[in-house]
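Below is one structure, written out as structure tokens; comments come after it.
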Amino acid sequence: MARSSARTPPGVLELLPLDQIAFQGMLDTIRRNYERFGFLPVETPVMEYADVLLTKSGGETERQVYFVQSTGALEKSERPELALRFDLTVPLARYVAEHEHDLNFPFRRYQMQRVYRGERAQRGRFREFYQCDVDVVGKDALSVRYDAEIPAVIYSVFRDLAIGPFTIQLNNRRLMRGWFEGLGIADGERQMLVLREVDKLDKRGPDAVRETLTGDGFGLSGEVADRILAFVRVRSTSLADAHTQLDALGSGSETFEQGRAELREVLDLIHAFGVPESHFALNLSIARGLDYYTGTVYETSLNDHPQIGSICSGGRYENLAGNYTKSHLPGVGISIGATRLYWQLREAGLIGTAASTVKVLVTQMMPEHLPHYLALAGELRDGGIATEVVMDPSKLGKQFKYADRAGIRFVAVLGEDELARGVVTIKDLRREDQFEVARAELAAALMVELAQAEITG
RNA sequence: GUGGGCGUAGCUCAGCUGGUUAGAGUACCGGAUUGUGAUUCCGGUUGUCGGGGGUUCGAAUCCCCUCGCUCACCCCA
């Protein structure tokens with residue numbers, strides 16, 4: 001029989017167990033911090049009604065969405081009724097609209113699930129990936145103060161992930177639009193196009209952006225382009241500096257002043273939340289491509305690894321669920337692309353293979369004593385220690401090798417000698433060290449050993 | 001969706017302008033070592049040279065088509 005080759009489609013990430021453990025450890029850290037800030041868990045289905053997903057943006061998203069079709073419907077070539085979600089924000093909007101009367105507002109939820117995008121796979125770009133979102137959704141209104149809480153959550157997450165120094169960069173869409181208005185770019189669509197273009201400043205450089213802005217598509221004068229570039233080049237080095245830089249922009253339209261006031265309040269509160277000044281900054285080129293953002297926008301990057309780019313991003317949106325309900329539901333939130341983040345960190349050597357979740361391997365010295373080995377494993381498990389037992393006889397050396405490859409740090413050896421003396425030999429494969437412990441104290445002694453291994457590595 | 005690059009062992013790659021039986025390292029398996037892994041030594045397995053067609057006495061090598069992967073753009077986590 002001709003076999004088809006075992007392979008995954010491009011754009012998906014599949015991991016070996018020890019890497020999966022490392023990845024899940026990352027998700028655990030994110031979840032722990034989301035919960036620490038009082039966000040509630042929510043899951044939504046992978047598939048939604050196509051009309052629910054596609055009301056919003058149309059165009060670009062429609063090109064990237066995967067439709068779900070049953071075989072029967074496929075044969076009748078009907079228009080697909082269902083599609084796979086491409087982010088967690090649109091399902092959140094649907095969720096809030098659907099359960100509006102059963103939810104408490106402000107509604108604080110977090111959601112960590114996979115999303116799907118039908119785009120050409122690229123280095124570090126996936127077609128199936130995890131997003132870890134936190135959002136606060138208000139009813140009728142949501143104070144700008146919540147815009148400051150989100151960076152506090154982000155700070156807490158990345159501090160715990162311990163992947164080096166990072167900066168949460170902030171900007172405000174109102175401030176930008178107000179600035180553009182002052183330059184005579186009043187049309188909303190046109191502002192959006194300019195926003196998208198200046199968002200690429202760090203990637204393409206000021207010369208390339210200037211060329212595009214003054215080119216055929218935009219037709220801006222050189223003077224206007226220069227004023228835009230001067231604006232988006234603003235970066236702050238401290239909280240006081242941020243305020244000084246905002247002052248230096250001069251006065252502007254009502255929208256502009258509103259944006260500036262919001263930004264000031266958010267910056268001050270982020271500091272009050274306890275985020276060190278070294279970890280957040282003003283960056284007026286941060287715009288975000290998505291058009292539903294209305295106010296504050298965020299993007300976080302690692303200071304020592306600029307090539308990785310944004311590791312987390314989000315912002316404020318004024319009318320989240322406008323497509324599903326008459327209620328006015330403003331929100332603010334961010335998303336961590338966990339799959340991409342993990343992949344990038346591994347590429348950069350910032351994250352390695354984890355140790356196994358299995359803490360001890362009980363070896364099989366003499367096959368006739370298997371019941372002893374099973375009993376020993378039972379004692380360890382009752383003591384809360386994840387334990388595996390070698391079930392088939394083989395050379396001890398092989399069993400050690402198995403443990404080593406499997407990432408199991410400790411092996412328990414119980415031979416004739418140990419049985420006679422009521423002790424167990426424990427070997428730490430990492431430290432190449434072994435010791436004997438009385439059978440009755442085994443679990444307790446190992447717990448100490450494991451705690452110590454956790455600290456010293 | 002638009003445009004470039006690359007396909008040789010599980011992985012990283014060598015293989016000069018066509019020339020016998022396609023190689024190295026690594027990984028894997030076995031042994032040295034029947035109460036001790038990762039190091040060392042010895043031995044072994046591994047390929048439709050991406051696929052199809054053409055040129056030729058002869059193709060991994062040259063030509064065409066196709067498939068796959070990959071990079072950039074659009075967009076974005």
Side-chain angles (χ1 to χ4, degrees), chain A residues 2-11 13 16 30 57-65 85-89 112-133 192-193 196-197 199-200 203-204 208 212 217 287-293 298-301 308-315 333-345 361 363-367 369 390 393-419 424-436:
Chain A
R3 293 193 179 92
S4 51
S5 64
R7 70 220 137 94
T8 54
L13 183 68
L16 292 172
I30 297 171
S57 330
E60 190 57 37
T61 40
E62 186 136 14
R63 213 184 75 194
Q64 296 204 340
V65 89
R85 59 172 174 227
F86 52 85
D87 71 7
L88 300 179
T89 307
M112 303 171 49
Q113 292 189 276
R114 289 200 262 218
V115 303
Y116 298 84
R117 286 189 196 170
E119 59 181 311
R120 192 78 77 79
Q122 236 176 87
R123 214 175 155 67
R125 303 287 302 281
F126 297 90
R127 302 203 296 181
E128 173 187 77
F129 60 95
Y130 271 90
Q131 283 196 327
C132 306
D133 282 30
M192 203 50 229
L193 290 173
R196 274 211 195 105
E197 197 50 42
D199 194 43
K200 295 172 193 161
K203 194 174 174 183
R204 299 187 59 205
T212 307
R288 316 285 309 120
L290 293 172
D291 44 4
Y292 52 73
Y293 292 124
Y298 321 99
E299 213 155 89
T300 303
S301 53
I308 287 181
S310 169
I311 54 176
C312 158
S313 54
I334 50 94
S335 178
I336 299 174
T339 303
R340 177 179 161 83
L341 176 62
Y342 171 79
W343 190 90
Q344 299 261 40
L345 293 178
L361 180 73
T363 57
Q364 181 174 143
M365 176 127 299
M366 290 163 296
H369 286 319
V390 176
S394 68
K395 286 201 281 187
L396 197 61
K398 283 203 149 192
Q399 299 180 29
F400 276 56
K401 190 173 177 175
Y402 170 84
D404 186 51
R405 284 189 47 164
I408 305 171
R409 180 160 175 174
F410 294 94
V411 287
V413 180
L414 188 59
E416 207 70 69
D417 184 35
E418 284 89 350
L419 275 172
V424 179
T425 296
I426 297 294
K427 177 162 183 174
D428 179 341
L429 293 181
R430 182 82 101 36
R431 287 215 329 244
E432 307 174 36
D433 191 24
Q434 66 185 56
F435 58 91
E436 279 185 2

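By convention in this document, chain letters (A, B, ...) are assigned in the order of the sequence lines, proteins followed by strands, and residues within each chain are numbered from 1.
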Check side chain to side chain donor-acceptor pair (under 3.5 Å) between [X] and all other residues, then give those that pass, not counting sequence neighbours.
X: A/T300; answer: none
X: A/S335; answer: A/D133
X: A/R125; answer: A/E119
X: A/E197; answer: A/R204

Can you list everything that forms a salt bridge (Lys or Arg N to Asp or Glu O under 4.0 Å) with [X]? Sequence neighbours excluded, please.
X: A/E436; answer: A/R421
X: A/R196; answer: none
X: A/R127; answer: none

So what does [X] hit on the nucleic acid, given a heavy-atom distance under 4.0 Å: a base, only sugar-phosphate, or nothing?
X: A/S313; value: sugar-phosphate
X: A/R125; value: base
X: A/R117; value: base

Quantified in whole Å, what is the [atom1] atom distance between nucleotide [N] and nucleotide [M]?
N: B/rC42; M: B/rC49; atom1: C1'; answer: 31 Å
N: B/rG7; M: B/rG51; atom1: C1'; answer: 11 Å
N: B/rC6; M: B/rU66; atom1: C1'; answer: 16 Å
N: B/rU21; M: B/rG58; atom1: C1'; answer: 15 Å
N: B/rU12; M: B/rC74; atom1: P; answer: 30 Å
N: B/rA77; M: B/rG50; atom1: C1'; answer: 32 Å
N: B/rG5; M: B/rA9; atom1: P; answer: 23 Å
N: B/rU20; M: B/rC67; atom1: C1'; answer: 32 Å

Test side-chain contact (heavy atoms from CB on, under 4.5 Å), reference A/M365, set A/V390, A/L419, A/V413, output is A/V413
Who passes ring-ring contact (aromatic ring centres under 6.0 Å, His included) against A/Y342, sequence neighbours left out?
A/F23
ring-ring contact (aromatic ring centres under 6.0 Å, His included) against A/F410, all qualifying residues, sequence neighbours excluded
none
Rounded to the nearest Å, what distance is computed from the [atom1] atom of residue [X] to the [atom2] atom of nucleotide [N]?
X: A/R204; N: B/rC73; atom1: CZ; atom2: P; value: 9 Å
X: A/M112; N: B/rA77; atom1: CE; atom2: P; value: 17 Å
X: A/D199; N: B/rC73; atom1: CG; atom2: C1'; value: 16 Å
X: A/I334; N: B/rC76; atom1: CD1; atom2: C1'; value: 16 Å
X: A/E197; N: B/rC75; atom1: CD; atom2: C1'; value: 13 Å
X: A/R85; N: B/rA77; atom1: CZ; atom2: P; value: 15 Å
X: A/L193; N: B/rC75; atom1: CG; atom2: C1'; value: 14 Å

Counting Watson-Crick and G-U wobble pairs with both distances under 3.5 Å, what is the dot-bracket string for RNA chain B, 5' to 3', using [ ] for crossing pairs and | for pairs to another strand?
(((((((..((((.....[...)))).(((((.......))))).....(((((..]....))))))))))))....
I'd like a table of atom pairs between the protein and nucleotides 70-72 of chain B - only N or O on both sides, under 3.5 Å - with the distance next to each one.
residue : atom : partner : partner atom : Å
B/rC71  : OP1  : A/R123  : N            : 3.3
B/rC71  : OP2  : A/R123  : N            : 2.8
B/rA72  : OP2  : A/Q122  : OE1          : 3.1

Of all heavy-atom pairs linking A/S310 and A/R340, the shortest is O-NE, 4.5 Å
Any donor-acceptor pair under 3.5 Å linking the side chain of A/R117 with the backbone of A/F86?
yes
Exercise: do A/Q434 and A/T425 side chains pair donor with acceptor under 3.5 Å:
no
Generate the contact string for nucleotides 33-46 of chain B. Rules: B means base contact, S means sugar-phosphate contact only, - means no protein heavy atom under 4.0 Å.
-SBBBB--------
